[in-house]
Amino acid sequence: MMWFSVFFVFFLKKRQKANPQIVSCALYFPGSVVRTFTPFHFLVEPMDVLSVRGASVIMNCSAFCETSPKIEWKKDGTLLNLVSDDRRQLLPDGSLLINSVVHSKHNKPDEGYYQCVATVESLGTIVSRTAKLTVAGLPRFTSQPESSSVYKGNSAILNCEVNVDLAPFVRWEQDRQPVFLDDRVFKLPSGALIISNATDMDGGVYRCIIESGGTPKYSDEAELKILPDPEEPQSLVFARQPSSLTKVTGQSAVFPCVAVGFPTPYVRWTRNEEELTTEGSERFLFLAGGSLVISEVMEEDVGMYTCIADNGNETIEAQAELAVQVPPEFLKRPANIYAHESMDIVFECEVTGKPTPTVKWVKNGDMVIPSDYFKIVKEHNLQVLGLVKSDEGFYQCIAENDVGNAQAGAQLIILDLDVAIPTLPPTSLTSATNDHLAPATTGPLPSAPRDVVATLVSTRFIRLTWRTPVSDPQGDNLTYSIFYTKEGINRERVENTSRPGETQVMIQNLMPETVYVFRVVAQNKHGPGESSAPLKVATQPEVQLPGPAPNIRAYANSPTSVTVTWETPLSGNGEIQNYKLYYMEKGQDSEQDVDVAGLSYTINGLKKYTEYSFRVVAYNKHGPGVSTQDVVVRTLSDVPSAPPQNLTLEVRNSKSIMLHWQPPPAGTHSGQITGYKIRYRKVSRKSDVTESIGGTQLFQLIEGLERGTEYSFRVAALTVNGTGPATDWVSAETFESDLDETRVPEVPSSLHVRPLVTSIVVSWTPPENQNIVVRGYAIGYGIGSPHAQTIKVDYKQRYYTIENLDPSSHYVITLKAFNNVGEGIPLYESAVTRPHSVPDPSPMMPPVGVQASILSHDTIRITWADNSLPKNQKITDARYYTVRWKTNIPANTKYKTANATTLSYLVTGLKPNTLYEFSVMVTKGRRSSTWSMTAHGTTFELVPTSPPKDVTVVSKEGKPRTIIVNWQPPSEANGKITGYIIYYSTDVNAEIHDWVIEPVVGNRLTHQIQELTLDTPYYFKIQARNSKGMGPMSEAVQFRTPKAESSDKMPNDQASGSAGKGSRPVDIGPDYKPPLGGSNSPHGSPTSPLDSNMLLVIIVSVGVITIVIVVIVAVFCTRRTTSHQKKKRAACKSVNGSHKYKGNSKDVKPPDLWIHHERLELKPIDKSPDPNPIMTDTPIPRNSQDITPVDNSMDSNIHQRRNSYRGHESEDSMSTLAGRRGMRPKMMMPFDSQPPQQSVRNTPSTDTMPASSSQTCADHQDPESTTGAYLANAQEEDSAQNLPTAHVRPSHPLKSFAVPAVPPAGSTYDPALPSTPLLTQQAPNHPVHSVKTASIGTLGRTRPPMPVVVPSAPDVQETTRMLEDSESNYEPDELTKEMAHLEGLMKDLNAITTA
């Protein structure tokens, strides 16, 4: 059976030589203990695939073995679980099917490296080559065709640059029809189209199309025009020059060369300065127009190619280099090996390729990691020392470089010691195991050898001797096996004696100063016998070593590779076996090494533009020799690999922006930074502008920008090799207008000083007015005077340390902001430096750069830096920081503190819209620093979180239909209160949108509401608002109006004759005559001491006369005004019909055709904070001079006559006794649509025209458009005066059907004139009465304008004359006034009669 086994192995060897791909598949022969090899290899291995998103891909794989192998797949080194994968599935032949490839910007689950894994149970595993699956990106054009023209016979180029992955999917259309390619019209690998020898048929509209699955993507269309031959010669230029290429063997290379001119040029090519012809070559092709195509590129095609264009008049040329890369190829494949345990074996593997391939070894599909027993020798071979049973299996040599990878494998079978190796020893067996083992026979085995000793011990070898076993004293036919291992290692190696009977052996290749354990076993023809006792021997230290290798040199080949060369050492004992090259990045402490057999080596994969140190150590049989000196070389430069850092923009003015940045991170420069490239553009546009900056300048001012425009900027670093990646776009907007520099800056808003022993730290905040340019700050200081020294700092600076001061001295410090106009007002501060004391040997420095970043209404992030830390600000010790903060409101607020172990802290739980100050100190052990400079931050506003408080409702004294609402601001306003809304309703359960609302400005805490229904319960709620929105409503407050008005009141609810509460006495004129009835009672009811009968006679007589006059006058006036007033009343009624009214229908009273129900009340008003008051829409002149001077009849009309009697004012209607009080009827004025800021002001002596009916109607227009308040012109009032104010308010709509007086016919004012507030004009000897007034705002759901009065503002009895002396000039409107006076007199008489 043995001979059969030998024959089979011989047959197998021949088959392997015929097919080197075959590895092996072990079989067991019946009746034999020798295992032999049978083929186990891949029939098909996966190849690189380019796919598109959504397509299906098959990665082919098929393995052969007599026992069907199990196929699995790895992706990027990890086994795929195909059982639960619904998109990937294993086909019957072992191929991998991927359905609907998934690919997006952030999710690329299918793209990567795939490897097929074949496993045969109990035998082993082999792996295929790796194949890359590339998924083409989204269709995207990097350049598109542009319209052009070309002379007939010349060549045209239409660009269509796309991603390299998408180039195969590009096709062209001419006039929407496909373009057919040939040697005249051809497509470059980049996608561009070249048309040579252009004809008229080539003219048309072209576009390129990307068809990569899904919807095709079309480029822009471009028109190509064919021009006739020019009459004059055209200069010769290249339309497209060839560019250098790097190709893989087997690919095609295209060198485009398109020259245009007239006459039409002729193009020829040279390679390495030798004429290139296509005759006799099937791989070189000249296309029409001169382009060169090389198919199936080979290594010998490398060189410099030159395109030469000549048209008889001139010659031009262009060059391009072709580099060729070669995938790995095996020169020698590993061979199958039989071996016994403890043997040493070597798998040989020789590869070639360009770039030089790297080799790794795989055992049963797992990477072999080099160790003491698995070593890479002679660059690519795998040596396994001291075999053990588990080393059996399949070993594969995998070679790979940038352009491909390949694998070849072999099987290792370890036989039992009693089984002879069936073939002659292969060359892969070492000299220690090259003996034959004859078949064993049955018989006695030898005993253990005796007296095993080490007779010679060196650094790397030991000689052992022993005596023959007792069982065979002669020992002539005995052979010996010496087993040895390092102490503590279970893996034994074996060395056999060279001839029978020899009782000594030399064990070599040991490690110096290492303890080894030896044992010897004798063997005879029956087999191995007993083992000797273990012997421990330690080798000697290394003493004889090679010298340093001379003439070591290193030079950079590329940005990532360096070649090192050296010569054979001049000294050293023994032949040099190999070298070890050590290299290390400068500044690092980890050294790497590589084994080298020759005298040079190229190291790849280094960092760009980085210094490396190299040294070489020679090895001989004794071990490593003396190292060479380090040689330092820097790799070549390249474009930067990272963008600049920390790009910031600073808007200088309306036309310039300053850019600041930092260089790219260290290690990414890839060379010397020679400058920076700035690109900027308007945000609204895509085209940009480029500016290049030379040198290492890290800032640039971009000028000439447009004002009020947002620009985006990005910066890229430059080296001599080109431009690196750019930063992200950063945007900033130029100012709409420049800051003011026509005046000096204002005073800085704060100045703080912190004295130390010999220095004072000064900190400040800029002026509150940010609209004035500040160029910098001037700090003056001195002992007792601030003028001794002056220091100027930049406008950005907020603190400065004054050094070299005297201890215990009083310094005065000033701070002034300055600009080009001059210095502003100084701010003074004084400080006393501390007394001199022995400083702490290592004081803690306080944190610096404390900044407060507001995040929300209750959160501020505090950040700082610590100068006592390294530059990277990394905390490595046990220090901690204490942050403290407080607010100055209330003034006695205590500090709150918190500890932090990092350089930032998040302060939470703050109050909204509150200014806080923060400072930080550092503590390390028992030492602490002082508190840092303070940082300030104001939290953001928040909607009010509590309602207005202390809401009270009271009835106004003497006016039962008027109530006063008082309240206090919310406890948690969370910002500046900008307004209030008062809701009131008679139904507390009504929907909130059905309640009537009264808007009030934020600086008011009281409000009057008039014209309420008597004996009715009302419910009131108040809601506050700020800039962030509305707060919660207060609880409803109930108030019932009185049942009836006081019986002693006159119809007009006139004011008391005596000064009311809070009023001041009024100076009455000398012509004043008390009215009938004598003095007034406190409630306004007249009393008379005369006899009632006498009064009755007088009253009846006067009444009859008055009635006759009234009838005559009424008939005369009615004829002229009836038609006009009817139209006005109809318009007002139509508008009023759509509004919600304050009272119920039962409160509606018939309109009084003669009486206007509005009142003009005297209200002094606080000055409005609004510098630009909003005028009402009613054009009321400020005084007689404000009316256009074209016609002065207005003065005579208004100042017709003086009122000859006085009366009292009613709350419900316009009294005819208004003349007695010197008052005219109150005007109806529309609310302005702006929020309330001010009130209309007037004095009793101001003469103002009554509003026309058009303005009266405006009172009842849509509240969304007309709601507002009457505003006063605060700027026109002298600051020294506080004049009484007539606060004009419209009444309830149902109370306002009075017919206003018709304006005088001669009036020259126009309703379209600009709005003018009532002008205050103080009469002589008039006391001033001051009361706050409530204004009406526009907010939320509003109602028609309602009268508003202010509490504590009693009616002021008027005692002055209403009109000044004027000329008599009666007009129809004056007659109307007279009617109103007479009507008042009638009512007065009626009141006296009834009394």
Exercise. Could you tell me which residues satisfy ring pair (Phe, Tyr, Trp, His ring centres under 6.0 Å) with Y777, sequence neighbours excluded, listed by chain and number?
Key: W764
Quiz item: Going by atom types alone, do S750 and T765 pair a side-chain donor with an acceptor below 3.5 Å?
Solution: yes
Self-check item: Modelled atom types, side-chain donor and acceptor of E941 and S1027, under 3.5 Å
Solution: yes
Quiz item: Hey, are the side chains of Y983 and V996 touching, using non-hydrogen atoms and a 4.5 Å cut-off?
Solution: no
Quiz item: Taking the six-membered ring for Trp, are the ring centroids of Y895 and W885 within less than 6.0 Å of each other?
Solution: no
Quiz item: Given side chains that start at C-beta, do those of V1037 and V953 come closer than 4.5 Å, heavy atoms only?
Solution: yes
Quiz prompt | Derivation and outcome, side-chain contact (heavy atoms from CB on, under 4.5 Å), residues V965 and Y984 | solution = CA-CA 11 Å; V965 184; Y984 64 94; over 6 Å; no
Quiz item: So, do S971 and K949 sit near enough that their side-chain heavy atoms are less than 4.5 Å apart?
Solution: yes
Quiz item: Less than 4.5 Å apart, any side-chain heavy atom of E972 and any of P944?
Solution: no
Practice problem: Assess whether side-chain contact (heavy atoms from CB on, under 4.5 Å) is satisfied between R1025 and I977, documenting all intermediate values. | Solution: CA-CA 6 Å; R1025 69 168 178 182; I977 297 299; 5.7 Å; no
Self-check item: Ionic contact status for D858 with K911, cut-off 4.0 Å
Solution: no
Quiz item: If you measure from CZ on R798 to NZ on K796, what distance do you get to the nearest 0.5 Å?
Solution: 10.5 Å
Self-check item: Residue pairs involving residues 935-970 (criterion ring pair (Phe, Tyr, Trp, His ring centres under 6.0 Å); sequence neighbours excluded)
Solution: W967-Y980
Quiz prompt | Spacing of CD belonging to E746 relative to CG belonging to N771, to within rounding of 0.5 Å | solution = 9.0 Å
Quiz item: Between atom NZ of K1028 and atom CG of L942, what is the distance when rounded to the nearest 0.5 Å?
Solution: 8.5 Å
Quiz item: If only atom types and distance count, is the side chain of S1034 paired as donor or acceptor with the main-chain N or O of I1022 below 3.5 Å?
Solution: yes
Quiz item: Side-chain contact, heavy-atom cut-off 4.5 Å: P1017 with F1039?
Solution: no
Quiz prompt | Partners meeting ring pair (Phe, Tyr, Trp, His ring centres under 6.0 Å) with W931 (sequence neighbours left out) | solution = none
Quiz item: Would you say the side-chain atoms of R884 and T897 include a donor-acceptor pair closer than 3.5 Å?
Solution: no
Quiz item: Do other residues, nucleotides or ligands put more than 12 heavy atoms under 6.0 Å from the CD atom of E1035?
Solution: no
Quiz item: How many angstroms lie between CD in E1011 and CZ in R961, if you round to the nearest 0.5 Å?
Solution: 5.5 Å
Quiz item: Between atom CG of L915 and atom OG1 of T938, what is the distance when rounded to the nearest 0.5 Å?
Solution: 4.0 Å
Exercise. Indicate the atoms forming the closest heavy-atom contact of Y1019 with T986, along with that distance.
Key: CE1-O, 3.7 Å
Practice problem: Please step through side-chain contact (heavy atoms from CB on, under 4.5 Å) for the pair R743 and N769, ending with a clear verdict. | Solution: CA-CA 12 Å; R743 47 183 174 153; N769 187 352; 3.8 Å; yes
Exercise. Flag yes if more than 12 heavy atoms outside I825 fall under 6.0 Å of its CD1 atom; otherwise flag no.
Key: no
Practice problem: Report the distance from atom OG1 of T859 to atom CD1 of I854, rounding to the nearest 0.5 Å. | Solution: 11.0 Å
Exercise. Could you give me the CA-CA distance, side-chain angles and deciding distance for T1006 and I964, then say whether side-chain contact (heavy atoms from CB on, under 4.5 Å) is met?
Key: CA-CA 7 Å; T1006 183; I964 302 172; 3.5 Å; yes
Quiz item: At their closest point, which heavy atom of S985 faces which heavy atom of D987, and how far apart are they?
Solution: OG-N, 3.0 Å
Quiz item: Heavy atoms, side chains only, cut-off 4.5 Å: are P766 and P748 in contact?
Solution: no
Quiz item: With no hydrogens and no angle check, is any side-chain donor or acceptor of S763 less than 3.5 Å from a backbone partner on M933?
Solution: no
Exercise. Looking only at non-hydrogen atoms, find the nearest pair between I1009 and H1007 and report the distance.
Key: CG1-CD2, 3.9 Å
Practice problem: Examine distances only and state if a side-chain atom of T939 and a backbone atom of N913 form a donor-acceptor pair shorter than 3.5 Å. | Solution: yes
Quiz item: Are N974 and T945 close enough, and set up right, to give a side chain to side chain donor-acceptor pair (under 3.5 Å), and what steps lead you there?
Solution: CA-CA 7 Å; N974 300 336; T945 52; 3.1 Å; yes
Quiz item: If you look at every heavy atom in T1041 and T1013, which pair is closest and at what distance?
Solution: OG1-O, 2.6 Å
Quiz item: N1026 side chain to A973 main-chain N or O, any donor-acceptor pair under 3.5 Å?
Solution: yes
Self-check item: V774 to A817 - nearest heavy-atom pair and separation
Solution: CG1-CB, 4.1 Å
Quiz prompt | Closest heavy-atom pair and its distance - S946, P970 | solution = O-CB, 3.2 Å
Quiz prompt | E768 atom CD, over 12 foreign heavy atoms within 6.0 Å | solution = no
Quiz item: Does a side-chain heavy-atom distance below 4.5 Å link V907 with F918?
Solution: yes
Practice problem: Taking the side chain as every heavy atom from C-beta outward, state whether W864 and V883 have any pair of such atoms under 4.5 Å apart. | Solution: yes
